[in-house]
Amino acid sequence: MANPKFQAPRGTKDILPQEEGYWQFVHNTFTEVMGLAGFGRIQTPVFEPTELFERGVGKSSDIVRKEMYTFKDKSDNSLTLRPEGTAPVMRAYIEHGMQSWPQSVKLAYFESMYRYERPQAGRYREHWQIGAELIGEQAPFADCQVIALALRIYEKLGLQNLSLQLNSLGDEKCRPKYLKELVKYLGPHQKSLCEDCRERYKLNPLRVLDCKEDKCQAIIAESPTMLDHLCKDCHGHFKEVLEYLDELDIVYEINPRIVRGLDYYTRTLFEVWGHAGSGSALGGGGRYDKLMKEIGGPDIPAVGFGAGVERLIEELKLQKVLPPPGPRPQVFVANLGDSARKRCYKIIEHLLSEGVGAVGKLDKGSIKAQLRSADKLGVPLAVIIGQKEVFDNTAIIRDMKSGAQEVAGLNVLAKKIKRKLEIAAQPSD
Ligand code: HAM
């Protein structure tokens with residue numbers, strides 16, 4: 001319909017059956033990689049107390065300032081649709097006393113997120129993320145483990161030539177000193193910054209480094225970097241992360257301009273870039289050692305990542321990677337006449353309960369039209385039922401490619417079909 005009365009809200013989209021194979025592929029690959037590495041699946045509610053994100057993600061972040069779907073429920077509680085998955089997972093860790101579980105605690109999620117952003121290619125108001133959090137490990141190998149996990153998912157999906165971008169944001173010891181330097185540098189350039197950055201300069205100057213506007217880029221290019229201001233501990237941590245990555249032959253690019261949009265990060269930061277243009281990171285993450293304490297829990301370090309499922313699927317399409325085929329009909333059941341139609345219906349149900357994908361058109365269409373439908377579906381076999389077959393309790397099995405036909409008794413029909421499908425599925429030399 002050209003102008004329907006209702007449409008999906010701006011920045012959201014329906015996932016239609018043609019897309020479903022990609023979603024299953026990402027989901028299954030993620031589940032396998034995470035399961036093998038000992039990550040348990042966690043699901044948190046779609047909405048959380050607003051304050052969790054204000055404290056967790058940070059009041060000066062774009063997400064909290066401009067992008068949250070916040071509402072009051074009927075009891076006047078302020079709730080927010082989750083814009084990201086890390087703060088909710090930390091909330092769950094505290095709430096369920098996971099500190100007493102064997103450490104480190106490894107959790108993975110596949111969830112929808114909500115951000116009121118300006119919709120454009122690869123940017124939605126409802127998007128899905130696969131993500132993982134490794135909680136309770138301070139040592140640099142944990143950072144490397146999380147990066148390697150993220151890369152393994154991309155690799156298992158068949159994506160190639162992605163670029164790993166790395167940075168360190170320091171910690172509460174060295175970052176304040178650096179921020180002073182940055183503010184000193186940006187101060188005289190304030191008027192030349194874009195409007196957003198002028199605001200960021202006041203609220204969170206670090207975020208200026210992330211701006212994609214041309215006029216800001218020129219200023220950013222000359223700015224001092226956090227990497228040059230790391231304290232001894234943060235420097236040592238970053239160096240060790242790089243050594244672990246080298247050990248695994250993981251190729252990376254050190255990029256001091258990566259700051260990411262969430263305020264909770266400390267030390268290691270990373271992003272994985274694909275080919276769908278700049279500003280569309282396939283995924284990203286890093287260490288966030290102070291988040292748990294910030295939201296009222298124990299002082300426990302953690303590191304994790306999140307990757308956008310829609311963006312992964314875009315990248316799969318761009319790189320022409322096809323998802324493996326899912327379950328689908330393999331047999332079309334066709335009828336010749338009224339009495340055969342009832343029988344066809346029964347045969348379809350029988351084949352389905354035997355685990356054979358079967359469909360049929362139970363209208364009064366000609367046999368020619370029915371076989372055309374079978375062709376369109378791409379099924380290897382058709383079953384044809386006429387008056388005689390109803391009478392004899394038999395069925396005709398037709399090989400759609402060669403046109404060869406064979407009669408089989410109904411009692412052995414499913415078995416015969418399964419055998420034929422097995423043969424059809426075998427690769428021919
Ligand atoms: P994030 O970078 O905000 O990080 O989001 C992670 C990924 O989600 C992005 O790299 C991107 O692929 C995808 N994404 C984000 N916003 C959108 C959008 N509006 N439309 C489509 N895709 C989007 C986080 O959310 C952190 N919680 C990741 C993390 C986990 N860090 C540590 N642990």
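Just so you know, these numbers come straight off a predicted model, no measurement behind them.
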Peer 1: Show the numbers, then the answer: is there a side-chain contact (heavy atoms from CB on, under 4.5 Å) between Leu159 and Leu312?
Peer 2: CA-CA 9 Å; Leu159 293 174; Leu312 276 178; 4.0 Å; yes

Peer 1: Would you say the side-chain atoms of Glu271 and Trp273 include a donor-acceptor pair closer than 3.5 Å?
Peer 2: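 Present: a donor and an acceptor within the cut-off.
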
Peer 1: Working to the nearest 0.5 Å, report the span between CD1 of Ile42 and CZ of Phe39.
Peer 2: 12.5 Å

Peer 1: For a ring pair (Phe, Tyr, Trp, His ring centres under 6.0 Å) with Trp128, tell me which candidate from Phe110, Phe30, Tyr114, Tyr109 qualifies.
Peer 2: Phe110

Peer 1: Hey, what's the ring geometry for Phe305 with Phe270, parallel, tilted or perpendicular (30° and 60° as the breaks)?
Peer 2: tilted

Peer 1: Is any side-chain heavy atom of Met226 closer than 4.5 Å to a side-chain heavy atom of Ser168?
Peer 2: no

Peer 1: About how many Å separate CD1 of Ile250 and SG of Cys144, when rounded to the nearest 0.5 Å?
Peer 2: 5.0 Å

Peer 1: Roughly how far apart are Cys211 SG and Ile220 CD1, rounded to 0.5 Å?
Peer 2: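 Here the rounded value is 5.5 Å.
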
Peer 1: With heavy-atom distances below 4.5 Å as the criterion, would you say the side chains of Leu169 and Thr266 are in contact?
Peer 2: no

Peer 1: Would you tell me whether Tyr265 and Asn167 have side-chain atoms, one donor and one acceptor, within less than 3.5 Å of each other?
Peer 2: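 Judged by distance alone, the side chains do not pair up.
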
Peer 1: Please assess Arg91 against Glu95 for the test salt bridge (Lys or Arg N to Asp or Glu O under 4.0 Å), listing each intermediate value before the final yes or no.
Peer 2: CA-CA 6 Å; Arg91 194 263 310 131; Glu95 187 172 334; 2.9 Å; yes

Peer 1: Quick check: do Phe25 and Leu316 have side-chain heavy atoms less than 4.5 Å from each other?
Peer 2: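 Result yes, sub-4.5 Å side-chain heavy-atom pair found.
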
Peer 1: Is the number of heavy atoms from other residues, nucleotides or ligands within 6.0 Å of CG (Asp73) greater than 12?
Peer 2: yes

Peer 1: With the side chain counted from C-beta on, respond yes when Arg125 and Pro119 share a heavy-atom pair under 4.5 Å apart, and no when they do not.
Peer 2: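 Yes, their side chains come closer than 4.5 Å.
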
Peer 1: I'd like to know if Arg65 and Glu199 make a salt bridge, using a cut-off of under 4.0 Å between side-chain N and carboxylate O.
Peer 2: yes

Peer 1: Enter the distance from Ser223:OG to Leu182:CG here, rounded to the nearest 0.5 Å.
Peer 2: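 Interatomic distance, Ser223 OG to Leu182 CG, rounded to 0.5 Å: 6.0 Å.
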
Peer 1: Roughly how far, to the nearest 0.5 Å, is the OG1 atom of Thr225 from the CG atom of Leu209?
Peer 2: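 Reported to 0.5 Å precision, the distance equals 9.0 Å.
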
Peer 1: Taking the side chain from Lys212 and the backbone from Asp210, do they hold a donor-acceptor pair closer than 3.5 Å?
Peer 2: yes

Peer 1: Please test Glu243 against Lys239 for salt bridge (Lys or Arg N to Asp or Glu O under 4.0 Å), starting from the C-alpha separation and ending with a verdict.
Peer 2: CA-CA 6 Å; Glu243 282 166 5; Lys239 191 165 159 267; 3.4 Å; yes

Peer 1: Decide yes or no on side-chain contact (heavy atoms from CB on, under 4.5 Å) for Ile348 and Val359, but give the supporting numbers first.
Peer 2: CA-CA 6 Å; Ile348 291 171; Val359 290; 5.7 Å; no

Peer 1: Taking all non-hydrogen atoms of both residues, which atom of Tyr124 and which atom of Glu117 are closest, and how far apart?
Peer 2: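 Shortest heavy-atom separation between Tyr124 and Glu117 comes out as O-OE2, 4.4 Å.
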
Peer 1: More than 12 foreign heavy atoms under 6.0 Å from CD of Gln103: is that the case here?
Peer 2: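 Yes - once you tally the heavy atoms of other residues, nucleotides and ligands closer than 6.0 Å, there are more than 12.
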
Peer 1: Name each donor-acceptor pair under 3.5 Å that joins a side chain in residues 136-143 to protein atoms two or more places apart or in another chain, with its distance.
Peer 2:
from   : atom 1 : to     : atom 2 : distance (Å)
Glu137 : OE2    : Ala139 : N      : 3.0
Gln138 : NE2    : Asp289 : OD2    : 3.2
Asp143 : OD1    : Arg287 : NE     : 3.1
Asp143 : OD1    : Arg287 : NH2    : 2.7
Asp143 : OD2    : His237 : NE2    : 2.9
Asp143 : OD2    : Thr268 : OG1    : 2.6
Asp143 : OD2    : Arg287 : NE     : 3.1

Peer 1: Using the rule given for side-chain contact (heavy atoms from CB on, under 4.5 Å), can you reason through Thr44 versus Glu48, listing the C-alpha separation, both sets of side-chain angles and the distance that settles it, and then say yes or no?
Peer 2: CA-CA 9 Å; Thr44 61; Glu48 295 273 357; 4.1 Å; yes

Peer 1: Mind checking whether Glu314 and Leu318 have side chains closer than 4.5 Å, heavy atoms only?
Peer 2: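 Not touching, per the 4.5 Å side-chain cut-off.
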
Peer 1: Using every non-hydrogen atom in the two residues, find where Met400 and Ala374 come nearest and quote the distance to one decimal.
Peer 2: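 Nearest heavy atoms, Met400 then Ala374: CE-CB, 3.7 Å.
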
Peer 1: More than 12 non-hydrogen atoms from neighbouring residues, nucleotides or ligands closer than 6.0 Å to CZ on Phe71, yes or no?
Peer 2: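 Enclosed.
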
Peer 1: Whether Lys418 and Glu354 form a salt bridge (side-chain N of Lys/Arg under 4.0 Å from carboxylate O of Asp/Glu) is what I want to check.
Peer 2: yes

Peer 1: State, with a plain yes or no, whether a side-chain heavy atom of Trp23 is found less than 4.5 Å away from one of Glu310.
Peer 2: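 Yes, at least one pair of side-chain atoms sits under 4.5 Å.
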
Peer 1: Checking Asp196 now: which residues fulfil side-chain hydrogen bond (donor to acceptor under 3.5 Å, both in side chains) with it, not counting sequence neighbours?
Peer 2: Lys66

Peer 1: Could you give me the CA-CA distance, side-chain angles and deciding distance for Arg207 and Ser60, then say whether side-chain hydrogen bond (donor to acceptor under 3.5 Å, both in side chains) is met?
Peer 2: CA-CA 9 Å; Arg207 294 278 298 132; Ser60 66; over 6 Å; no

Peer 1: Does Pro224 offer a backbone N or O that forms a donor-acceptor pair with the side chain of His229 under 3.5 Å?
Peer 2: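 Absent.
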
Peer 1: Can you list everything that forms a ring-ring contact (aromatic ring centres under 6.0 Å, His included) with Tyr288? Sequence neighbours excluded, please.
Peer 2: Tyr264

Peer 1: If you look at every heavy atom in Gln330 and Val379, which pair is closest and at what distance?
Peer 2: O-CB, 3.3 Å

Peer 1: Going by an N to O cut-off under 4.0 Å, is there a salt bridge joining Lys173 and Asp233?
Peer 2: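 Yes, charged N to carboxylate O under 4.0 Å.
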
Peer 1: Can you tell me how far NZ of Lys346 sits from CG of Leu351, rounded to the nearest 0.5 angstrom?
Peer 2: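 Between atom CG of Leu351 and atom NZ of Lys346 there are 12.5 Å.
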
Peer 1: What do you reckon, is OH of Tyr185 surrounded by more than 12 foreign heavy atoms closer than 6.0 Å?
Peer 2: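 Yes, because the 6.0 Å sphere around OH of Tyr185 holds more than 12 heavy atoms from other groups.
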
Peer 1: Under 3.5 Å, is there a donor on one side chain and an acceptor on the other for Glu133 and Thr86?
Peer 2: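 Present: a donor and an acceptor within the cut-off.
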
Peer 1: When you check the gap from the basic side-chain N to the acidic O, do Asp76 and Lys74 get nearer than 4.0 Å?
Peer 2: no

Peer 1: Is the number of heavy atoms from other residues, nucleotides or ligands within 6.0 Å of OH (Tyr69) greater than 12?
Peer 2: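 Counting neighbours around OH of Tyr69, more than 12 heavy atoms of other residues, nucleotides or ligands fall under 6.0 Å, so yes.
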
Peer 1: Taking the basic N atoms (NZ, or NE/NH1/NH2) and the acidic carboxylate oxygens, is any pair closer than 4.0 Å for Glu111 and Arg82?
Peer 2: yes

Peer 1: Test salt bridge (Lys or Arg N to Asp or Glu O under 4.0 Å) on Asp171 and Lys290 and set out the steps.
Peer 2: CA-CA 9 Å; Asp171 63 8; Lys290 296 293 153 204; over 6 Å; no

Peer 1: Just by distance, no angles: are the side chains of Glu213 and Gln217 close enough, under 3.5 Å, to form a donor-acceptor pair?
Peer 2: no

Peer 1: May I ask you to say whether Lys59 pairs ionically with Asp263, meaning some side-chain N is under 4.0 Å from a carboxylate O?
Peer 2: no

Peer 1: Between Glu422 and Arg419, is there a salt bridge with N-O shorter than 4.0 Å?
Peer 2: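 Yes.
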
Peer 1: Other residues, nucleotides and ligands only: do more than 12 of their heavy atoms fall within 6.0 Å of NE2 on His235?
Peer 2: no

Peer 1: For Gln165 and Ser163, which I'm curious about, is there any donor-acceptor pair between the side chains at under 3.5 Å?
Peer 2: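 Per modelled atom types, Gln165 and Ser163 side chains form a pair under 3.5 Å.
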
Peer 1: Under 6.0 Å from the CZ atom of Arg328, do we count more than 12 heavy atoms belonging to anything else shown?
Peer 2: no

Peer 1: Begin with the C-alpha distance, continue with both residues' side-chain angles, and end with the deciding distance and a verdict on salt bridge (Lys or Arg N to Asp or Glu O under 4.0 Å) for Asp399 and Lys420.
Peer 2: CA-CA 9 Å; Asp399 183 314; Lys420 283 182 185 289; over 6 Å; no

Peer 1: Distance only, no hydrogens: is a donor on one side chain within 3.5 Å (strictly under) of an acceptor on the other, for Asn28 and Thr31?
Peer 2: no

Peer 1: Hey, does Lys416 have a side-chain heavy atom less than 4.5 Å from the side chain of Ile397?
Peer 2: yes

